[in-house]
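Down below is the structure, laid out as structure tokens.
By convention here, the first residue in the shown sequence is residue 1.
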Amino acid sequence: MGISTLFNASSRFQWHTQEKDAISEDLYTRVIKISLLLFTGYSYFEAQKANAILKDSFMGFNQGAESKFQRAYTQYQLAALSTVAFFAYSGTKAYLRFGRDENFKSLNIPTREIRNLEESNSGLQFQNRNQRIEFVAEQNF
């Protein structure tokens, strides 16, 4: 699991009839996640700066510095909570979307098995408007 997995929208785990829908959803989610991380980092450093100002005030009794620290710390907590919640939401969404189509109908992936060409029938036949069409796979080396 790479770091890029954390920034995807899980759209590649779901079957889409239009590839552009998956790409736009990935881009949209990636921008939100990176923005939330940057805002959380900014809020953290603002809270640290306000904490340093409060520490340097006369015995911590400066009301302006204390209220600024409380606002900055609350902003950091809300930003961190929003970031964690959005990452958890997108992870849960990826789990729920795995092996489904865009209407959330199961594709029955666990029941499918991979077969070699030799194991399957050499010809694939189907009926189409009373016409018989046959596809044959050959291996030439």
Side-chain angles (χ1 to χ4, degrees), residues 1-129 131-141:
M1 180 172 135
I3 192 76
S4 66
T5 304
L6 296 174
F7 293 100
N8 285 334
S10 74
S11 63
R12 65 188 177 113
F13 298 120
Q14 187 176 28
W15 174 259
H16 289 279
T17 55
Q18 305 242 340
E19 185 68 23
K20 65 180 181 178
D21 294 339
I23 292 171
S24 66
E25 185 179 357
D26 269 342
L27 179 65
Y28 177 71
T29 301
R30 190 172 295 128
V31 166
I32 289 174
K33 287 181 176 182
I34 291 172
S35 299
L36 281 171
L37 283 175
L38 290 174
F39 184 65
T40 301
Y42 169 77
S43 299
Y44 175 77
F45 287 114
E46 285 295 314
Q48 287 296 326
K49 189 167 64 171
N51 190 21
I53 292 171
L54 181 63
K55 181 179 76 168
D56 293 339
S57 68
F58 180 69
M59 296 178 64
F61 292 122
N62 187 347
Q63 286 294 331
E66 186 177 346
S67 66
K68 183 177 180 182
F69 170 72
Q70 287 298 328
R71 280 193 310 273
Y73 186 61
T74 302
Q75 178 180 339
Y76 164 67
Q77 288 177 326
L78 290 174
L81 179 67
S82 299
T83 302
V84 168
F86 193 77
F87 272 78
Y89 163 75
S90 63
T92 304
K93 187 176 178 183
Y95 176 76
L96 295 175
R97 293 171 86 175
F98 180 76
R100 300 188 179 273
D101 65 2
E102 32 189 37
N103 297 322
F104 288 93
K105 292 181 181 172
S106 178
L107 298 175
N108 296 323
I109 290 176
T111 60
R112 295 184 184 201
E113 56 187 52
I114 298 174
R115 291 193 221 167
N116 293 333
L117 191 57
E118 295 87 24
E119 294 174 6
S120 62
N121 295 336
S122 62
L124 179 65
Q125 302 174 2
F126 64 92
Q127 297 291 335
N128 186 9
R129 295 188 190 141
Q131 294 177 347
R132 183 177 171 137
I133 300 173
E134 184 173 329
F135 296 99
V136 177
E138 295 180 5
Q139 291 181 347
N140 295 325
F141 295 100

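Here CG of Asn51 is found 11.5 Å from CD of Glu66. Values are rounded to the nearest 0.5 Å. Arg71 contributes atom CZ, which lies 8.0 Å from atom NZ of Lys68 (distance to the nearest 0.5 angstrom). To the nearest 0.5 angstrom, Tyr73 atom OH is 15.5 Å from Glu46 atom CD. The CZ atom of Phe39 lies 4.0 Å from the CD atom of Gln75; values are rounded to the nearest 0.5 Å.
The 12-atom threshold is not exceeded at OH of Tyr44, counting heavy atoms of other residues, nucleotides or ligands nearer than 6.0 Å.
Here the closest heavy-atom approach between residue Thr83 and residue Leu36 is recorded as OG1-O, 3.3 Å. Minimum interatomic distance between Ala47 and Ala72 (heavy atoms only, all atoms of both residues): CA-CB, 3.7 Å. The minimum heavy-atom distance linking Lys33 with Ser90 is given by the pair NZ-OG, 2.9 Å. Ala65 and Ile53 make their closest contact through CB-CG2, 4.0 Å (heavy atoms, listed as atom of the first residue, atom of the second, distance).
Among residues two or more places apart in sequence or in another chain, the side chain to side chain donor-acceptor pair (under 3.5 Å) test is passed with Tyr76 by none.
Proximity of Phe87 to Leu37: side-chain heavy atoms (C-beta onward) are separated by under 4.5 Å at one or more points.
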